[in-house]
Participant: 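Provided herewith is a single structure, encoded as structure tokens, for subsequent inquiry.
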Number of protein chains: 2
Amino acid sequence: MSKFGEKIRELRECNNLLLRELASEIKIDQALLSKIERGNRIATKKQALLIAGFFNVNREEFLSQWLGEKIAYELKDEELASEALKVAEEELEYYKKTKKETNHV
Amino acid sequence: MSKFGEKIRELRECNNLLLRELASEIKIDQALLSKIERGNRIATKKQALLIAGFFNVNREEFLSQWLGEKIAYELKDEELASEALKVAEEELEYYKKTKKETNHV
DNA sequence: CATATATTTGACAAACAGTGTCAAGTCAAA
DNA sequence: TTTGACTTGACACTGTTTGTCAAATATATG
């Protein structure tokens, strides 16, 4: 898995960069970048932002993919993952509404 | 928010139990249970199972709600939460498939 | 094949986030 | 104003995540 890691690798290779080169650009260890590309580690938000910035890609889209990956990674061994995602969606929806109401008072 | 916490409180009150009583049944501090019911803390999986067991409710459903709440809690301050959930869903779906293929080889 | 270059992996200390606990706080009913 | 139920904040403890290094593996090149 790890669409996010694949995406980084793709960006990196299309720009003819070595792991070491991209790693040094964004100031992380190349071993860590390797793990991120392969989906063995999840990037921090900061790192995701640095990468998006460096390649100049759409920031929101990239961050959504990063965050989505992070959640998927967390759920990868859970049998009830997809049910849980539905619950989470509802709950966030519900929360958004009540928050809006609260703000308007 | 916290549908999960509300659910526990509902179960507890319908069974005429005080916080302190339920807390002692499942062997946690009542302060902690209070926080869980109010959505200020996320129960551990173990605690969720103990509660489900104690009230004898559907285990899978209850765990899904627990896990969903956990994710929602994690995403509560993220602007891109709902996009991320979609990404996560896709990714898990994709992962499930490739895993299945792999197992069949 | 031998060497050089690129990437991957495992292990570990350091940093960080989550958990349980206690004592003090609020609130409502009597 | 006392009592009982619940809530909150602070803190030490625990466990997880993160970054880093060295060694291992793969890939390419003379």
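Note on naming: letters A, B, ... go to the chains in the order of the sequence lines (proteins, then strands), and numbering restarts at 1 for each one.
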Participant: When you measure from the side chain of B:Glu61 to the backbone N and O of B:Asn58, does any donor-acceptor pair fall under 3.5 Å?
Facilitator: no

Participant: Test B:Glu91 against A:Lys3 for salt bridge (charged side-chain N to carboxylate O under 4.0 Å, His left out), laying out the working first.
Facilitator: CA-CA 7 Å; B:Glu91 202 147 328; A:Lys3 301 241 173 125; over 6 Å; no

Participant: Just how far, in rounded Å, is C1' of D:dG15 from NZ of B:Lys45?
Facilitator: 17 Å

Participant: Can any side-chain N or O of A:Ser34 pair as donor or acceptor with the backbone N or O of A:Gln30 at less than 3.5 Å?
Facilitator: no

Participant: Calculate the interatomic distance between B:Arg20 atom CZ and D:dA5 atom P; express it in whole Å.
Facilitator: 4 Å

Participant: Closer than 4.0 angstrom, basic N to acidic O: yes or no for A:Lys45 and B:Glu78?
Facilitator: yes

Participant: Does C:dT8 have OP1 or OP2 sitting under 4.0 Å from an N or O in the side chain of A:Asn40?
Facilitator: no

Participant: Taking B:Leu17's backbone N and O only, do any of them form a donor-acceptor pair with B:Arg12's side chain (distance below 3.5 Å, no angle check)?
Facilitator: yes

Participant: Without swapping roles, check the side chain of B:Trp66 against the backbone of B:Phe4 for a donor-acceptor pair under 3.5 Å.
Facilitator: no

Participant: Measure NZ/A:Lys70 against P/C:dA17 and give the value in whole Å, please.
Facilitator: 10 Å

Participant: Between A:Asn16 (CG) and C:dT5 (P), how many Å, whole number?
Facilitator: 18 Å

Participant: Strictly by modelled atom types, are B:Ser82 and A:Glu89 linked by a side-chain donor-acceptor pair under 3.5 Å?
Facilitator: no

Participant: Could you state the CG-P distance from A:Leu19 to D:dT25, rounded to the nearest angstrom?
Facilitator: 19 Å

Participant: Mark yes or no: A:Lys76 above the aromatic ring of A:Tyr73, with NZ or CZ under 6.0 Å from the six-membered ring centre and no more than 45 degrees from the axis.
Facilitator: yes

Participant: Quick one: does any side-chain atom of B:Ser2 pair with a main-chain N or O of B:Gly5 as donor and acceptor, under 3.5 Å?
Facilitator: yes

Participant: Strictly under 4.0 angstrom, non-hydrogen atoms only: write out the protein contact profile of nucleotides 18-30 of chain C, one letter per nucleotide from the 5' end, B, S or -.
Facilitator: -BBBB--------

Participant: Using whole Å, report how far CD of A:Gln30 lies from P of D:dA23.
Facilitator: 16 Å

Participant: What is the distance from CD of B:Glu37 to C1' of D:dA5, rounded to the nearest Å?
Facilitator: 12 Å

Participant: Where are the stems of DNA chain C, defined as at least 3 consecutive Watson-Crick or wobble G-U pairs with both distances under 3.5 Å?
Facilitator: C:1-30 with D:1-30

Participant: Rounded to the Å, how far apart are B:Leu18 CG and D:dG4 P?
Facilitator: 12 Å

